[in-house]
Amino acid sequence: MKTILQTNVFELPQCIVVFGNFDGVHKGHQLLIEAALNKSKELGIPSALFTFKPHPTFVVMGKPEEDIIFTPEEKKKVVKDLGVDYYIEYPFTMDVANMAAEVFVEEVIYKELHAKYVVVGVDFKFGKGRSGSIPLLEALGRTYGFNVIAFEKLCDHKRVISSTWLRQEIKKGDMEAFKELTGRHFIVLGEVEHGRSIGRTIGFPTANVATAPSKILPPNGVYASYTTVKGIRYKSITNVGPKPASTLDDMVVETYILDFDEMIYGETILIEMTHFLREAYELKSLDHLKSLIQDDLKDLDNYFEKISKV
Ligand SMILES: Cc1cc2nc3c(=O)[nH]c(=O)nc-3n(C[C@H](O)[C@H](O)[C@H](O)COP(=O)(O)O)c2cc1C
Ligand SMILES: Nc1ncnc2c1ncn2[C@@H]1O[C@H](COP(=O)(O)OP(=O)(O)O)[C@@H](O)[C@H]1O
């Protein structure tokens, strides 16, 4: 996948472009992306996913981003795995927000993207004040030579699948619901950082990943997980909690990887959180932590045993 990041100066070959924020890349998003991939195969021209960074809502509100499901790197990884040819992370500024709908179509969709097909959700809005809607896009498509494919929202048990729904499930710690709505586990992708080096003294070293303050996390506590290091996926047990000794609201996601013994500071790892095991307890001592983790590992074993039978 070729990436075009944080620039509004680019020129693509004629392509099929799918538009959206795609936060969480849920099954509704995937429907649009798959439609673009299918058209791309059918016509033999590349597919492109166009997304904004930062999230337009926060730029317009003049607020820092919060409760973002996937960091840009996580989104990029998931989109790459789906097989998209071009990933465009377009810088969203107040200048872009103030572009008239017609100008956005001419300057970006026509002159930069060279779109042959534009794939969007039925509520897609574009241009200043979100004034441009599908009928305008279709009309401009006739002028600039592109077609529009607009998708109705996908439902699960009659409820519309949305990033908001995903956020609600993440906040409840329902990792299974996240999987149901996205087809994938909730992920944390990041670099392994140094902690207080306490883990190894009790026989349970943990690889620590500091998360972006804007990223939404499930409740503090312990989760069954998988961790991928250098392309190999291991079972692991993951703790979500506040970063020790930080005066900010920084969070750390730390994972003890089973059957693993390597120094991986600086390595980018992917943690997939599959199941909430327990909430965080107040620690009385290191022995207390050690015995908690020993019990957690039994629960983890039972969990993996149970899901292997499903
Ligand atoms: C499986 C597991 C369970 C944990 N449970 C708790 C807990 O209940 N309460 C808590 O404060 N910290 C908990 N922790 C976090 C530990 O406090 C932390 O991993 C330990 O201090 C090592 O930190 P270090 O990476 O800075 O060396 C847990 C960690 C793991 C891996
Ligand atoms: N099984 C394992 N799971 C996680 N990290 C491991 C494991 N084995 C070795 N490590 C290494 O040990 C480091 C964690 O050790 P720890 O004592 O918890 O230190 P820190 O406080 O710096 O995280 C990890 O960052 C990683 O490089």
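Start at 1 and go down the list; that is how both ligands and their atoms are numbered. These figures come from a predicted structure and were not determined experimentally. When a residue number appears, it is its place in the shown sequence, counting from 1. Side chains included, hydrogens not; waters and symmetry mates left out as well; all remaining heavy atoms used.
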Can you tell me the protein heavy atom closest to [atom] and the distance?
atom: atom 18 (C) of ligand 1; result: E254 OE2, 3.4 Å
atom: atom 28 (C) of ligand 1; result: N239 CG, 3.4 Å
atom: atom 23 (O) of ligand 1; result: R196 NH2, 3.5 Å
atom: atom 5 (N) of ligand 1; result: R278 NH2, 3.0 Å
atom: atom 31 (C) of ligand 1; result: T206 CG2, 3.5 Å
atom: atom 16 (C) of ligand 1; result: L289 CD2, 3.7 Å
atom: atom 22 (C) of ligand 1; result: G199 N, 3.6 Å
atom: atom 1 (C) of ligand 1; result: D296 OD2, 3.7 Å

Ligand 1 versus N208: contacting region, heavy-atom distance under 4.0 Å: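 The part of N208 near ligand 1 is the side chain, not the backbone.
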Ligand 1 contact on S197 by region, counting heavy-atom pairs under 4.0 Å: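 Backbone only.
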Whether E282 lies under 4.0 Å from ligand 1, heavy atom: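 The answer is no, since E282 has no heavy atom less than 4.0 Å from ligand 1.
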Give me the other members of the hydrophobic cluster that L292 sits in, counting Ile, Leu, Val, Met, Phe, Trp and Tyr linked by side-chain heavy atoms under 4.5 Å, directly or via other members.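 ILVMFWY cluster around L292 also holds I198, I202, F204, V222, Y226, I237, Y256, L258, L277, Y281, L283, L286, L289, I293, L297, L300, Y303, F304, I307.
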With respect to atom 17 (O) of ligand 1, which of I293, L283, I237 exhibits the smallest heavy-atom separation?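 Selected option, by shortest heavy-atom distance: L283.
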Of the listed options F204, Y223, Y281, closest to atom 7 (C) of ligand 1 (non-hydrogen atoms):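 It is Y281 that holds the nearest heavy atom.
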At under 4.0 Å between heavy atoms, is it the side chain or the backbone of N208 that contacts ligand 2, or both, or neither?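 For N208, only side-chain atoms sit under 4.0 Å from ligand 2.
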How would you list, by chain and number, every residue that makes a side chain to side chain contact (heavy atoms under 4.5 Å, CB included) with I149, sequence neighbours excluded?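 In terms of side chain to side chain contact (heavy atoms under 4.5 Å, CB included), with neighbours along the sequence ignored, I149 is linked to K39, Y117, V119, F151.
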